[in-house]
Number of protein chains: 2
Amino acid sequence: MTHHATRTLQELGYRLTPQRTMVWEVLRRTRGAHLSAEDVCAQVQADFPHVNLSTVYRTLELLVGLKLVRETCLGSDRRYYEVEEEVPHHHVVCGLCGKVEHLSDDSLQTTRHLLNHVLGFEMREATFFGVCRTCLSAVNEGEEEHHAHP
Amino acid sequence: MTHHATRTLQELGYRLTPQRTMVWEVLRRTRGAHLSAEDVCAQVQADFPHVNLSTVYRTLELLVGLKLVRETCLGSDRRYYEVEEEVPHHHVVCGLCGKVEHLSDDSLQTTRHLLNHVLGFEMREATFFGVCRTCLSAVNEGEEEHHAHP
DNA sequence: TCGTAACTGCAATATGTTTGCAGAAGCCAC
DNA sequence: GTGGCTTCTGCAAACATATTGCAGTTACGA
Ligand SMILES: [Mn+2]
Ligand SMILES: [Mn+2]
Ligand SMILES: [Zn+2]
Ligand SMILES: [Zn+2]
């Protein structure tokens, strides 16, 4: 477990087990992706087949609690995990194809201030649901075909 | 089933059953709230105890498909339902107490344009996660107590 | 190297949602 | 109104995701 995660765990008295190392490594090397607990488990098991899914869940819970990993809701079925970066970001989810895009925190400064002034709310993360560029043009082409004969 | 939901269902050839009527009525009279399938079922069963949860799920799925009801993700465990209003709105969720506040669509025009310009994305709904005013002041009081003796 | 508390694997459990099926009932034609 | 066809419902079982109890294993400081 390279990086500060090693130190954090050991400094806080948690044991540095191969399972924890592997979970962290999987998340680190898939930076930018959003993995479910099962995705993480599958990747860990590729190298270390006996690792159990419940251990992965427990490890993710631990890392999330320590703010080394971020747990995100991108729809309603499962939870997704990614390493917690220094600069936070937000998510833009296409409801048709499921693609997830990132949005910098900077671009939401006005929204953050709005929420703060209107509701006294401190925004931590935002998720936007809608239709991505690709699906949008696919739909429009369909519409054109549909209305093509007047 | 008052209102356009009656017409819509019958015009499209769906049968107007008491179960469907009750589900719709429950959602209509709790306007502004966010009910899980079980919440809806419990309220339906208060008047009509034999109605089954799976029927409620099937009815919600139908109404969502017809865009009479809106299904929203406000965290990760369950799905929540509310009547689909003419003017859409967005959700602001406190991660500490779970309170959900509403935000008008108008206030997100700039964000909508941003997403459209930057990603070609058509935003339909947004959810903001963070800390509400109440929880924020509770936390601050705690901090003050904590740092009270220099 | 040893001892102990923390951790893991496994199986069982919890919770939310979906599905197959047989019987019930809405709705249209008469 | 009555019948008949087809959709819909209740029920139970299955499914998907996440959690937990426990016995055995392992990390790690002494
Ligand atoms: Mn992300
Ligand atoms: Mn709402
Ligand atoms: Zn898409
Ligand atoms: Zn709160």
Side-chain angles (χ1 to χ4, degrees), chain A residues 1 5-26 34-45 47-66 68-81 98, chain B residues 1 5-26 34-45 47-66 68-81 98:
Chain A
M1 191 172 307
T6 318
R7 266 171 289 150
T8 307
L9 281 182
Q10 293 201 308
E11 282 168 9
L12 294 175
Y14 295 102
R15 293 187 181 169
L16 199 56
T17 65
Q19 290 87 340
R20 288 175 176 170
T21 305
M22 307 268 314
V23 167
W24 174 252
E25 284 302 327
V26 164
H34 305 97
L35 278 61
S36 69
E38 287 209 85
D39 294 335
V40 172
C41 191
Q43 290 209 37
V44 168
Q45 287 179 337
D47 297 328
F48 207 157
H50 68 87
V51 172
N52 196 272
L53 181 57
S54 66
T55 301
V56 173
Y57 274 111
R58 282 187 280 228
T59 303
L60 290 170
E61 183 183 31
L62 175 66
L63 296 176
V64 169
L66 297 177
L68 294 167
V69 167
R70 183 171 161 196
E71 185 182 55
T72 314
C73 165
L74 302 171
S76 93
D77 35 6
R78 345 147 95 77
R79 301 174 199 172
Y80 291 91
Y81 300 89
Chain B
M1 193 171 309
T6 317
R7 266 171 288 150
T8 307
L9 281 183
Q10 293 201 308
E11 281 168 8
L12 295 175
Y14 295 102
R15 292 184 181 170
L16 199 56
T17 66
Q19 290 86 341
R20 288 175 177 169
T21 306
M22 308 266 314
V23 168
W24 175 251
E25 285 302 327
V26 164
H34 305 99
L35 277 61
S36 69
E38 289 207 85
D39 295 335
V40 172
C41 192
Q43 291 210 37
V44 168
Q45 287 179 336
D47 298 328
F48 209 157
H50 68 85
V51 171
N52 196 272
L53 180 57
S54 66
T55 301
V56 172
Y57 273 111
R58 282 187 281 228
T59 302
L60 290 171
E61 183 183 32
L62 175 67
L63 297 176
V64 168
L66 296 178
L68 294 166
V69 167
R70 183 171 160 196
E71 184 181 56
T72 314
C73 166
L74 302 172
S76 95
D77 36 5
R78 342 146 98 76
R79 303 175 196 172
Y80 292 92
Y81 300 89

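The sequence lines fix the lettering, A, B, ..., with proteins before strands; numbering per chain opens at 1.
In terms of heavy-atom proximity, C73(A) sits nearest to G75(B) at SG-O, 2.7 Å. Closest non-hydrogen pair, P18(A) versus F48(A), comes out as CB-CE1, 3.5 Å. Contact detail for L53(A) and A37(A): the closest heavy-atom pair is CD1-O, 4.0 Å. Closest approach of Q19(B) and V51(B) over heavy atoms only: CG-CG2, 3.9 Å.
Side-chain nitrogen and oxygen atoms of Q19(A) include none within less than 4.0 Å of the OP1 or OP2 phosphate oxygen of dT26(D). Under 4.0 angstrom from either OP1 or OP2 of dC7(C) there lies at least one side-chain N or O belonging to R20(A). Residue Y57(B) places no side-chain N or O under 4.0 Å from the OP1 or OP2 atom of dT18(C). Taking side-chain N and O atoms only, H50(B) has no distance below 4.0 Å to OP1 or OP2 of dT9(D). Taking 4.0 angstrom as the limit, Q10(B) places none of its side-chain polar atoms (N or O) nearer than this to OP1 or OP2 of dG26(C).
Across all strands, S36(A) comes closer than 4.0 Å to no nucleic acid atom at all (heavy-atom distances). Heavy atoms of R58(B) sit under 4.0 angstrom from at least one base atom. The residue E38(B) sits close only to the backbone: its heavy atoms come under 4.0 Å of sugar-phosphate atoms, none of a base.
Residues T59(A) and P18(B) each lie close to DNA chain C; by heavy-atom proximity, the contact nearer the 5' end of the strand is made by T59(A).
At whole-Å resolution of the value, CG in D77(B) and C1' in dT17(D) are 12 Å apart. The separation between E61(B) atom CD and dT18(C) atom P is 6 Å, rounded to whole Å. Rounded to an integer number of Å, the gap from CG of L9(A) to P of dC7(C) is 9 Å. The interatomic distance linking L74(A) (CG) with dT17(D) (P) rounds to 14 Å, in whole Å. One interatomic measurement links the two molecules: OH of Y14(B) to C1' of dC28(C), which rounds to 18 Å at whole-angstrom precision. Between the CG atom of L53(A) and the P atom of dA16(D) there is a distance of 14 Å, rounded to whole Å. One atom, CG of L60(B), and another, C1' of dC8(D), lie 15 Å apart when rounded to the nearest Å. With rounding to whole Å, D39(B) atom CG is found 15 Å from dT15(C) atom P.
Listed candidates were dA18(D), dC10(C), dG10(D). Nearest to the side chain of N52(B) is dG10(D). With dT18(C), dT26(D), dC27(C) as the choices, the nucleotide that has an atom nearest any side-chain atom of L16(B) turns out to be dC27(C). In the set dA18(D), dT18(C), dC27(C), the nucleotide with an atom closest to the side chain of R79(B) is dT18(C). Relative to the side chain of T17(B), the nucleotides dT17(C), dC27(C), dT9(D) differ in distance, and dT9(D) lies closest.
Annotation: side chain of R20(A) is in contact with side chain of L62(A) (closest heavy-atom distance under 4.5 Å).
Judged by distance alone with a 3.5 Å cut-off, a donor-acceptor contact links the side chain of S54(A) to the base of dC10(C). Interface remark: the R78(A) side chain does not form any donor-acceptor pair with the dT17(D) base, using a distance-only criterion of under 3.5 Å.
Counted within 6.0 Å of OH on Y14(B), heavy atoms from surrounding residues, nucleotides or ligands total 12 or fewer; the atom is thus considered open.
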